[in-house]
**Student:** 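Sharing a structure, written as structure tokens. Questions coming.
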Amino acid sequence: AAANQASLLLFSGGKTRLAAGSMSEGASYWEVSRAFGWFGEEGMGERAFTEEFARDSYENVLFSIARFEELTGHAPRNVTVVGYAFKRE
């Protein structure tokens with residue numbers, strides 16, 4: 001997302017863990033990225049958003065596409081998914 005100024009960064013994930021309190025997974029990833037200065041990617045915060053309703057990996061992708069359309073008025077041309085290797089099993 002940092003290399004393409006026309007792209008958005010969407011952090012996806014709902015409130016799936018009781019121990020996390022009222023913060024969703026998507027919001028927690030957004031907050032960590034903000035706290036670390038968007039990991040040196042200047043201006044990234046202006047193009048970073050959350051999707052806070054997904055309950056699983058499938059919904060992460062589906063709801064992120066819907067959130068992108070909500071924000072931009074059109075569907076994305078490309079989607080890049082970043083995840084954890086342990087979720088492949």
Side-chain angles (χ1 to χ4, degrees):
N4 181 348
Q5 295 299 311
S7 67
L8 297 181
L9 177 60
L10 285 168
F11 294 99
S12 179
K15 298 174 185 173
T16 59
R17 304 249 188 261
L18 186 59
S22 63
M23 184 174 282
S24 70
E25 288 182 15
S28 68
Y29 296 140
W30 188 95
E31 286 291 341
V32 167
S33 295
R34 183 194 56 75
F36 280 91
W38 304 103
F39 299 96
E41 299 298 339
E42 197 171 313
M44 194 68 252
E46 298 166 10
R47 296 182 289 120
F49 300 91
T50 61
E51 177 291 303
E52 301 184 57
F53 298 98
R55 298 168 294 180
D56 58 37
S57 297
Y58 175 76
E59 286 185 354
N60 286 136
V61 175
L62 183 66
F63 292 2
S64 291
I65 291 169
R67 179 74 169 125
F68 182 96
E69 188 165 348
E70 179 181 61
L71 292 164
T72 66
H74 60 86
R77 282 183 280 162
N78 298 302
V79 175
T80 301
V81 176
V82 178
Y84 296 106
F86 77 87
K87 291 205 171 195
R88 289 184 182 178
E89 296 177 12

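Since we're looking at a predicted model, the values are computed, not measured.
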**Student:** Can you tell me how the ring of Tyr29 sits relative to the ring of Phe11, calling it parallel under 30°, perpendicular over 60° and tilted otherwise?
**Tutor:** tilted

**Student:** Counting distance only, does the side-chain N/O of Arg67 pair as donor-acceptor with the main-chain N or O of Thr50 below 3.5 Å?
**Tutor:** yes

**Student:** Pick out which of Leu71, Ile65, Thr72 makes a side chain to side chain contact (heavy atoms under 4.5 Å, CB included) with Phe68.
**Tutor:** Thr72

**Student:** Is there a path from Phe63 to Tyr58 through hydrophobic residues (I, L, V, M, F, W, Y) whose side chains come within less than 4.5 Å of each other?
**Tutor:** yes

**Student:** Taking a hydrophobic cluster as the set of Ile, Leu, Val, Met, Phe, Trp and Tyr residues connected by side-chain heavy atoms closer than 4.5 Å, whether directly or through intermediates, do Val79 and Leu8 fall within one such cluster?
**Tutor:** no

**Student:** So, applying side chain to side chain contact (heavy atoms under 4.5 Å, CB included) with Met44, which one of Arg47, Glu42, Glu46 is it?
**Tutor:** Arg47

**Student:** Hey, is CZ on Phe53 packed in by over 12 heavy atoms from elsewhere, all under 6.0 Å?
**Tutor:** no

**Student:** What are the two closest non-hydrogen atoms of Ser12 and Asn60, and how far apart are they?
**Tutor:** OG-ND2, 2.8 Å

**Student:** Nearest heavy-atom pair of Glu52 and Ala27: which atoms, and what distance?
**Tutor:** OE1-CB, 3.7 Å

